[in-house]
Each structure stands twice: as C-alpha cells, then as structure tokens.
Amino acid sequence: MSTDGVTEARSGFWASMASLFASSSTLVCCAIPALLVTLGAGAALSSLVSVFPQIVWLSENKEVLFVLASAMMLISGALQWRNRTAPCPTDPALRDACLRTRKTSLRLYGLSVLLLLVGGWFAFVQPLLP
C-alpha cells in the first residue's frame with residue numbers, strides 16, 4: 001500500500017471499469033438478443049447481427065465469456081475489499097477526490113455485478129424455464 005492511498009484508489013477504479021466492460025459483454029451476448037426477441041423485435045436483432053456478426057460468436061462461447069467476466073469480477077471485488085480502508089491524502093482537495101473515486105468505484109462495481117447477473121439470467125436460467 002502506498003502512503004497516500006491514491007494508487008489504491010486508482011487501481012480500484014480501473015479494476016471496476018474492467019469489470020464493467022466484462023459484464024457488459026455478457027449483456028451483448030445474451031440479454032439484449034433475448035430482450036429483442038421477447039419484445040418482438042426480431043428484425044432489429046437480425047439487423048444488429050448483420051452489422052455486428054461477432055454477437056453470434058459471443059453467444060456461441062457464452063460459457064467462456066461468463067467465466068472470464070466472473071474472474072474479472074472476483075479480482076475487482078478483491079481489490080475493492082482491499083482498498084476499502086486505504087488511507088487518503090490529508091490535503092482536503094486530494095482527500096475529497098480520493099473518497100469520490102472510491103465511491104465511484106464501488107458504484108461501478110455494483111453496476112457490474114447487476115449486469116453480470118442479468119446476463120447470466122438470460123444466458124443460463126431463462127432457457128430452462130418452461
């Protein structure tokens with residue numbers, strides 16, 4: 001740990017951004033196509049797939065995608081947990097920035113967990129329901 005805590009706050013923020021990116025990819029592979037089909041927007045899904053054919057590859061490899069996203073979420077969660085009590089600078093402006101970054105990181109992490117759960121629901125649970 002650094003003495004000013006800025007390094008820890010930045011690493012937590014970037015880890016949260018990486019986990020948000022990873023969990024968003026689970027939405028692209030699974031939740032958005034399922035939502036479009038549910039809403040009767042099959043033509044929109046067809047147009048989306050024709051513009052971005054990589055969506056098919058993501059959907060075919062959703063197990064790998066979810067394992068990687070979950071691993072990134074665990075790493076980010078561990079960094080969030082480790083940095084929760086890291087010291088912030090004593091300078092008021094830097095301290096406020098440190099605390100604001102810490103709160104932003106925690107919110108991003110919560111959003112990432114929510115996106116991962118929604119993607120997991122549409123990828124693995126929803127197809128099993130009658």
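Positions are given from 1 along the sequence.
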Please tell me whether Leu117 and Leu128 are part of a single hydrophobic cluster in this structure, the criterion being side-chain heavy atoms less than 4.5 Å apart. no
Are Val125 and Leu115 grouped together when hydrophobic residues (ILVMFWY) are joined by side-chain heavy atoms under 4.5 angstrom apart? yes
Distance to the ring centre below 6.0 angstrom and angle to the axis at most 45 degrees; does that hold for Lys62 and Phe122? no
Please check if atom CZ in Arg84 has more than 12 non-hydrogen atoms from other residues, nucleotides or ligands closer than 6.0 Å. yes
How many angstroms lie between SG in Cys98 and CG in Asn83, if you round to the nearest 0.5 Å? 9.0 Å
N/O donor-acceptor pair under 3.5 Å between Tyr109 side chain and Met73 backbone: yes
What heavy-atom pair brings Pro89 and Arg95 nearest, and what distance separates the two atoms? O-CB, 3.2 Å
If you measure from CG on Leu108 to NZ on Lys103, what distance do you get to the nearest 0.5 Å? 14.5 Å
Taking Ser76 for its side chain and Met72 for its backbone only, find out whether a donor-acceptor pair lies under 3.5 Å. no
Minimal heavy-atom distance between Leu116 and Ala69, with the atoms involved, is CD1-CB, 3.9 Å
Distance from Thr101 atom OG1 to Leu94 atom CG, nearest 0.5 Å? 10.5 Å
Mind checking whether Val64 and Phe124 sit in one hydrophobic cluster, side chains of I, L, V, M, F, W, Y counted as touching below 4.5 Å? no
The criterion is side-chain contact (heavy atoms from CB on, under 4.5 Å); which residues satisfy it with Trp57, sequence neighbours excluded? Asn61
Using modelled atom types and a 3.5 Å cut-off, is there a donor and acceptor pairing between side-chain atoms of Ser50 and backbone atoms of Ser47? yes
As an exercise, state the distance from CG of Leu35 to CG of Leu39, rounded to the nearest 0.5 Å. 4.5 Å
Give the minimum heavy-atom separation between Arg102 and Ala86, together with the two atoms involved. NH2-O, 2.7 Å
Can you measure from CG (Leu74) to CG (Leu79) and round to the nearest 0.5 angstrom? 11.0 Å
Would the number of heavy atoms belonging to other residues, nucleotides or ligands and lying under 6.0 Å from CZ of Phe52 be above 12? no
What are the two closest heavy atoms between Cys30 and Phe66, and how far apart are they? SG-CE1, 3.9 Å
Can you tell me how far apart CG (Leu48) and CD1 (Ile55) are? Round to the nearest 0.5 Å. 3.5 Å
Any idea which heavy atoms bring Val49 and Val56 closest together, and the distance? CG1-CG2, 3.6 Å
